[in-house]
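Residue numbers start from 1 in every chain, and the chains themselves are labelled A, B, ... in the order their sequence lines are given, proteins ahead of strands.
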Amino acid sequence: MDSSFDPNSIEQSLYAEWEAAGHFSPNGNGKNYCVLIPPPNVTGTLHMGHAFNQTLMDTLIRYQRMKGSRTLWQMGTDHAGIATQMLVERRLNEQGIKRLELGREKFVDEVWQWREESGGTIKEQIRRMGSSLDWSRDRFTMDEGYAKAVLTVFERLYDEGLIYRGQRLVNWDPELGTAISDLEVENTDEQGHMWHFRYPLADGQQTAAGQAYLTVATTRPETMLGDTAVAVNPDDPRYRDLIGGQVELPLTGRIIPIIADTYVDMEFGTGCVKITPAHDFNDHEVGHRHNLPQINIFAPDATINNNAPAAYQGLTREAARKAVVDDLEKLGLLDKIEPHALKVPRGDRSGAVIEPLLTDQWFVKIGPLAEPAIAAVENGDIEFVPKQYENVYFSWMRDIQDWCISRQQWWGHQIPAYYDDSGNTYVASSEQAAREKYQLDAGIPLRQDPDVLETWFSSALWPFATLGWPDETPELEAFLPSSTLITGHDIIFFWVARMIMMTLHFTGKIPFKTVYIHGLVRAADGNKMSKTKGNGLDPLDFIDGITLDELLAKRTTNLTQPKMAPKIEQATRKDFPDGIPPYGTDALRFTFCALATTGRDVRFDLNRIEGNRNFINKLWNATKFVLMNIDGMDPDSSGERSIIDQWILSKCHTLVREVEFALATYRFDIFAAKIYEFAWHEYCDWYVELSKSVLWDDTVTQDIKNGTRRTLVEVLDALLRISHPVIPFITETLWQEVAPRLGQPRGSIMVQAYPAPDDYPANTTAEAQIDWLKSVITAVRNIRGEADIKPKQEVPLLFQGGDENDRKLAAATDAMLKRLANAGSVNWLDEQAEAPPHALALVGDLKVMVPLAGLIDVEAEATRLEKEIEKHKQDLNRVDAKLLNENFVSKAPADVVAKEKAKRDDLQGRLTTLEDQLKKLDTLG
RNA sequence: AGGCGCGUAGCUCAGUUGGUUAGAGCGCUGCCUUGACAUGGCAGAGGUCGGCGGUUCGAAUCCGCCCGUGCCUACCA
């Protein structure tokens with residue numbers, strides 16, 4: 001074996017072997033365990049969020065598989081309607097091809113073509129992550145079977161009256177030319193203006209203050225062209241008398257009423273609100289209450305349409321705004337313009353300002369679906385981890401609005417609704433089916449609704465559509481409900497809530513029992529990773545490494561804002577002066593696991609992955625050591641287990657218990673930390689070092705050597721199996737070397753049994769004994785370190801005081817003590833004997849002494865002692881203060897008080913000893 | 001405006017039901033190329049747990065207020 005491991009040389013071939021061996025498919029007779037993958041965009045590429053998400057899922061899946069469960073991690077990809085259509089459209093534009101000129105059919109062909117070309121990318125990247133997905137059952141949200149499920153759901157919901165079509169005010173993305181749902185609107189804080197306009201009162205009326213006009217304030221001047229009323233609060237004394245009157249709407253020549261509505265806040269602005277029912281959600285409701293006409297002044301691209309005065313027709317929103325303000329100013333009707341901070345609704349895909357627009361759309365009547373979905377979480381059938389996300393879920397679900405599911409797009413499931421010439425609607429999975437269902441004559445022309453369903457409508461069916469629904473399949477029976485859903489908090493509403501509603505409604509089952517919510521992966525500076533900011537990181541670059549030049553090229557090409565390039569380049573050069581070295585998949589996965597703390601966002605820290613790469617390397621070298629030192633091991637006998645063997649086995653027992661608890665409670669960070677701590681600081685730092693005293697000592701019996709050799713291998717084997725779920729590649733590689741030494745049948749580690757706690761006997765006596773040994777060794781090392789004694793320099797060691805147990809332990813561990821403390825000799829002094837001048841450390845009542853004798857400077861030792869004494873004094877003060885507090889002594893539980901008393905006595909004794917020692921040193925100095 | 005988080009060592013984060021001396025990784029300091037590993041070993045420094053007040057014998061932990069910060073939801077024109 002090489003002196004350090006090379007991830008690239010092992011990972012890819014192993015994955016191919018696993019996949020070929022069929023290990024990723026459900027096997028065996030264990031309990032069913034299923035995890036749903038949030039289906040990635042089929043034409044996308046893997047980002048840090050996927051890598052994080054999949055690491056956690058794969059860790060659970062591999063763990064369960066080793067525990068004997070019949071596991072299914074269903075693979076699949078999403079057609080990602082809007083995102084994909086945008087991308088393909090942009091690519092075509094670059095070739096000078098316009099979507100509308102190309103036509104629907106050819107465009108959709110282009111998208112399928114693009115899927116063929118790029119659809120494999122993300123799948124290969126997922127494989128590089130080591131994700132043990134069942135590829136044999138790979139699905140796509142637009143494959144034939146899935147489409148059947150989507151159409152079935154639509155038709156049934158329609159027949160049940162839970163899907164309806166109607167003209168409603170919806171969020172309209174003028175750039176994409178489609179409606180979007182509430183969730184797809186992002187409200188961004190922006191700096192704008194508030195315009196105050198004067199609307200002249202009709203019929204010579206006057207306000208209470210004697211003005212012949214009402215002043216309205218607005219952030220959207222251009223919409224005044226569609227105003228159909230001015231509203232005031234019914235209790236507002238300034239305007240009360242004008243209610244029922246009228247104003248002349250400037251620029252349009254229209255006369256509109258003054259209405260009273262409590263929606264108007266008297267305190268805000270002027271207390272007069274222009275009402276534009278066709279272009280504002282609030283105004284829309286006010287309009288409904290007062291039977292106001294709705295005047296739509298926008299075309300689908302948000303230019304002014306023919307309902308507005310001729311002067312403004314054809315203008316963009318922005319141009320119309322300027323024109324309206326200018327014209328009102330000329331008329332002397334512009335009162336003032338104030339700066340104003342406002343929320344601007346923008347489409348999450350296009351970034352365009354969203355326009356509330358009256359259009360015909362399809363909706364899901366969500367109330368009846370939401371009710372059982374809320375109950376399922378309330379009654380505990382579905383559980384969120386961490387629990388607080390249940391409140392997030394509830395608050396949204398209890399105030400949920402009907403869901404707009406139609407999109408004026410071409411890429412997606414076309415809505416299975418057919419219209420005849422008289423405007424009748426027929427819903428069925430195909431035109432043929434519609435004719436049969438509604439008994440329509442073949443001669444009646446039907447045309448299908450041109451719109452498609454939004455992507456989340458189909459991904460909401462994921463838990464059952466992937467398993468063959470609407471057919472009754474064995475998979476559906478076995479794997480619904482699934483066990484755990486692992487996902488980011490950003491898609492609780494988009495995906496999680498909708499899966500719960502749809503799955504309950506159509507199967508009567510919950511989609512999953514547990515929802516584990518993890519945070520989002522952020523850049524080291526805490527910002528969201530984005531192409532625009534140029535702070536994005538590609539998980540593959542951590543696996544394979546990347547040069548600075550390549551990274552620069554990646555981050556600065558195809559920018560939407562090319563002017564950012566120099567800034568991005570500068571930051572990149574600063575953060576990655578040498579690019580990124582290849583850390584390998586295991587290091588990346590281990591890092592994600594370690595960072596996965598309870599539901600909060602994670603900042604991806606480069607130092608962490610480097611440290612974890614080193615950890616992988618540590619495992620490599622520990623294995624190398626073991627393989628080099630177990631020659632002569634008797635495979636048929638476990639030999640005699642010495643104290644150190646019993647100790648590490650006991651530690652291993654504890655480790656298994658801890659990692660099982662960590663995974664059961666979704667504490668991936670603890671899972672990783674326990675493995676790291678055990679492997680490095682118990683097994684490598686202590687056990688391997690201690691084992692040398694056994695293996696390299698000719699006076700030790702073969703039986704004892706055999707015991708240690710067995711234990712080295714057995715614990716290593718356990719460690720590899722324990723950590724396999726998170727670091728699959730290195731553990732497989734090493735286990736293939738290690739397992740044969742234990743005479744185990746060959747095969748992949750991924751299908752071996754997960755260690756059970758009782759495979760490794762707990763032994764508290766051995767643990768106490770090794771704790772003692774560690775303390776003594778650490779004490780001597782401390783003296784050596786502080787006194788700058790060279791590691792090669794042997795020191796004589798003197799013991800004094802202590803009890804029988806100390807003597808027994810010292811005798812039993814003599815060789816190890818000498819080796820790890822590099823002590824040339826260990827001798828006991830009688831209680832009364834006068835020790836030579838020495839450096840002193842205390843382990844319990846035992847005095848551990850290193851004679852100064854030319855090795856140690858008196859000054860230095862005095863300084864070290866003073867430091868030690870100071871520490872003891874502080875502790876003693878703290879304890880004394882407690883014990884002198886009568887309230888503490890009388891009110892605290894007796895055992896707590898007793899503990900404090902014991903502590904005081906102990907500290908007092910040690911302090912006296914140390915002070916005496918310092919006095920003696922002073923007489924020397 | 002509401003709701004939910006967060007604020008612990010230079011940095012990134014743990015800290016279970018209040019009870020030894022508040023931990024880890026990275027970084028830092030000193031020594032060390034010892035026969036698994038310099039992607040390493042040993043030793044060490046470093047924290048008034050955001051602030052104030054309260055409950056308690058005892059608070060990083062529970063309560064209140066404040067400051068800072070992040071996210072989600074919301075109809076203030």
| Taking OP1 and OP2 of B:U12, is either one under 4.0 Å from a side-chain nitrogen or oxygen of A:R603? | yes

Query raised in the report: Can A:F625 be called stacked on B:G35 when the rule is centres closer than 5.5 Å and an angle between planes below 30°?
Result: no

Taken to the nearest whole Å, NZ/A:K871 to C1'/B:G46 is 13 Å

**Asked** If you measure only the distance, is there a donor-acceptor pair under 3.5 Å linking the side chains of A:D227 and A:T276?
**Response** yes

TODO: Select base, sugar-phosphate, or nothing to describe what A:R600 touches, counting heavy atoms under 4.0 Å on all strands.
DONE: sugar-phosphate

Q: Select base, sugar-phosphate, or nothing to describe what A:F268 touches, counting heavy atoms under 4.0 Å on all strands.
A: base

Taken to the nearest whole Å, CD/A:E186 to C1'/B:U73 is 14 Å

What about A:K618, does its side chain sit under 3.5 Å from the base of B:C37 through a donor-acceptor pair?
yes

Quick note, A:E689 side chain, CB onward, closest among B:G19, B:A36, B:A77 is B:A36

Sorted by chain and number, sequence neighbours left out, ring-ring contact (aromatic ring centres under 6.0 Å, His included) with A:H872 holds for none

_If you compare every side-chain N and O of A:K674 against the phosphate oxygens of B:A24 (OP1, OP2), does one of them come in below 4.0 Å?_
no

Taken to the nearest whole Å, CD/A:Q388 to P/B:G3 is 15 Å

Query raised in the report: Contact class for A:H340 (heavy atom, under 4.0 Å): base, sugar-phosphate, or nothing?
Result: sugar-phosphate

From the candidates B:C37, B:U34, B:G41, the one with an atom nearest any side-chain atom of A:D685 is B:G41

Checking B:A45, B:U21, B:A36 against the side chain of A:K882 (C-beta onward), the nearest is B:U21

Taken to the nearest 0.5 Å, the spacing of A:R321 CZ from A:T223 OG1 works out to 8.5 Å

Do any side-chain nitrogens or oxygens of A:K343 fall under 4.0 Å of OP1 or OP2 in B:C76?
no

Discussion item. What contact category does A:V264 fall into here, base, sugar-phosphate, or nothing, at under 4.0 angstrom with non-hydrogen atoms?
Written reply: base

Short side-chain N/O contact from A:N887 to OP1 or OP2 of B:G58, under 4.0 Å | no

_Any base atoms under 4.0 Å from A:D265, or only sugar-phosphate, or nothing? Heavy atoms, all strands._
base

Have a look at A:W396 and say if it touches a base, only the backbone sugar-phosphate, or nothing, with a 4.0 Å heavy-atom cut-off.
nothing

Whether A:T597 contacts B:A14 is assessed here as follows: a side-chain N or O lying under 4.0 Å from the phosphate OP1 or OP2. Is that the case? yes

- [ ] Identify whether any heavy atom of A:N617 sits under 4.0 Å from a base atom; if not, whether one sits that close to sugar-phosphate; answer base, sugar-phosphate or nothing.
- [x] base

Between CG of A:L595 and P of B:C26 the distance, given in whole Å, is 13 Å

Inset, instruction - Determine, for A:E794 against A:K818, whether the closest basic-nitrogen to carboxylate-oxygen distance falls under 4.0 angstrom. - result: no

When every non-hydrogen atom of A:L520 is compared with those of A:D601, the smallest separation belongs to N-OD1, 2.8 Å

ask   = So, is A:K891 close to the B:C57 phosphate, meaning a side-chain N or O under 4.0 Å from OP1 or OP2?
value = yes

Between CZ of A:R819 and C1' of B:G41 the distance, given in whole Å, is 14 Å

note: A:R910, atom CZ; B:U21, atom P; distance rounded to Å ~ 14 Å

TODO: Check every strand shown and say whether A:Y676 touches a base, only sugar-phosphate, or nothing at a heavy-atom separation below 4.0 Å.
DONE: sugar-phosphate

note: A:E610, atom CD; B:C11, atom P; distance rounded to Å ~ 19 Å

>> Can you tell me if A:K792 touches the phosphate of B:U34, counting only side-chain N or O atoms and a distance under 4.0 Å to OP1 or OP2?
In response: no

| said: Please classify the nucleic acid contact of A:C684 as base, sugar-phosphate, or nothing, using heavy-atom distances under 4.0 Å. | reply: base

Discussion item. Can you tell me if A:E285 has over 12 outside heavy atoms packed within less than 6.0 Å of its CD?
Written reply: no

So what does A:R878 touch, heavy atoms closer than 4.0 Å: a base, only the sugar-phosphate, or nothing? sugar-phosphate

By the 4.0 Å heavy-atom rule, please label A:K899 as base, sugar-phosphate, or nothing. nothing

Report task. Would you indicate, yes or no, if B:U73 has its OP1 or OP2 atom less than 4.0 angstrom from a side-chain nitrogen or oxygen of A:N187? Result -> no

note: A:F493, atom CZ; B:C72, atom P; distance rounded to Å ~ 10 Å

Taking any heavy-atom pair under 4.0 Å as a contact, classify A:A673: base, sugar-phosphate, or nothing. nothing

Less than 4.0 angstrom between a side-chain N/O of A:R667 and OP1 or OP2 of B:G15, yes or no?
yes

### N or O in side chain of A:W686 less than 4.0 angstrom from B:G41 OP1/OP2
no

Q: Identify whether any heavy atom of A:H681 sits under 4.0 Å from a base atom; if not, whether one sits that close to sugar-phosphate; answer base, sugar-phosphate or nothing.
A: sugar-phosphate

Per-pair distances, 0.1 Å, donor-acceptor, side chain in residues 887-897 of chain A, under 3.5 Å, sequence neighbours excluded:
from: A:S890; atom 1: OG; to: A:E886; atom 2: O; distance (Å): 2.9
from: A:S890; atom 1: OG; to: A:N887; atom 2: O; distance (Å): 3.3

- prompt: Touch check for A:R781, heavy atoms < 4.0 angstrom, all strands: base, sugar-phosphate only, or nothing?
  reply: sugar-phosphate

| field | Any A:H196 side-chain nitrogen or oxygen under 4.0 Å from OP1 or OP2 of B:A77 | value | no

